[in-house]
Trainee: 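Quick one: the structure is below, questions incoming.
The basis for the numbers below is simple: all heavy atoms, side chains too, and nothing from hydrogens, waters or symmetry mates. For reference, positions follow the sequence shown, starting with 1.
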Amino acid sequence: MDGMALNMGSINWDTIERLRRGFIEGSTGSDYWRKREDLELYDQTFGRRISWKWDYVLGELSQLNWLPPQGLCWIGPAAAV
């Protein structure tokens, strides 16, 4: 995902709004990803934004030489710490 240009013209803004509204209202239940394109769009927008935030936080923690407490189990992108 890093280095990939985001083509704002190719974004389905109605889908973005539906995903955002469903998340905020908690109204999506098990129907959050209605189709594969929903997940791809999420990855290109919200997922990318979340990744930038985690990269920043983990970079700051690294500069402070911070390590997670022993025995703490990391999952997802933070597992590289």
Trainee: Mark yes or no for whether Y32, through its side chain, and G22, through its backbone, hold a donor-acceptor pair below 3.5 Å.
Mentor: no
Trainee: Judged by atom type as modelled, is there a donor-acceptor pair below 3.5 Å linking the side chain of S51 to the main-chain atoms of G47?
Mentor: no
Trainee: Ignoring hydrogens and geometry, is there a side-chain-to-backbone donor-acceptor pair from D38 to R34 under 3.5 Å?
Mentor: yes
Trainee: To the nearest 0.5 Å, tell me how far W66 CH2 sits from E60 CD.
Mentor: 13.5 Å
Trainee: Is it the case that atom CZ in F46 sees more than 12 heavy atoms from other parts of the structure closer than 6.0 Å?
Mentor: yes
Trainee: As an exercise, state the distance from NZ of K53 to CZ of R48, rounded to the nearest 0.5 Å.
Mentor: 14.5 Å
Trainee: Is there a side-chain contact between V57 and W52 in this structure, where contact means two heavy atoms from C-beta onward sitting under 4.5 Å apart?
Mentor: no
Trainee: Take D43 and E40 through the test side chain to side chain contact (heavy atoms under 4.5 Å, CB included) and record every step on the way to the result.
Mentor: CA-CA 5 Å; D43 184 53; E40 291 170 351; 5.7 Å; no
Trainee: Within this structure, what is the CG-CD distance for the pair N12 and E37, rounded to the nearest 0.5 Å?
Mentor: 9.5 Å
Trainee: Can you tell me how far CG of L19 sits from CG of L39, rounded to the nearest 0.5 angstrom?
Mentor: 9.5 Å
Trainee: Any heavy-atom pair between the side chains of L41 and Q44 that's under 4.5 Å?
Mentor: yes
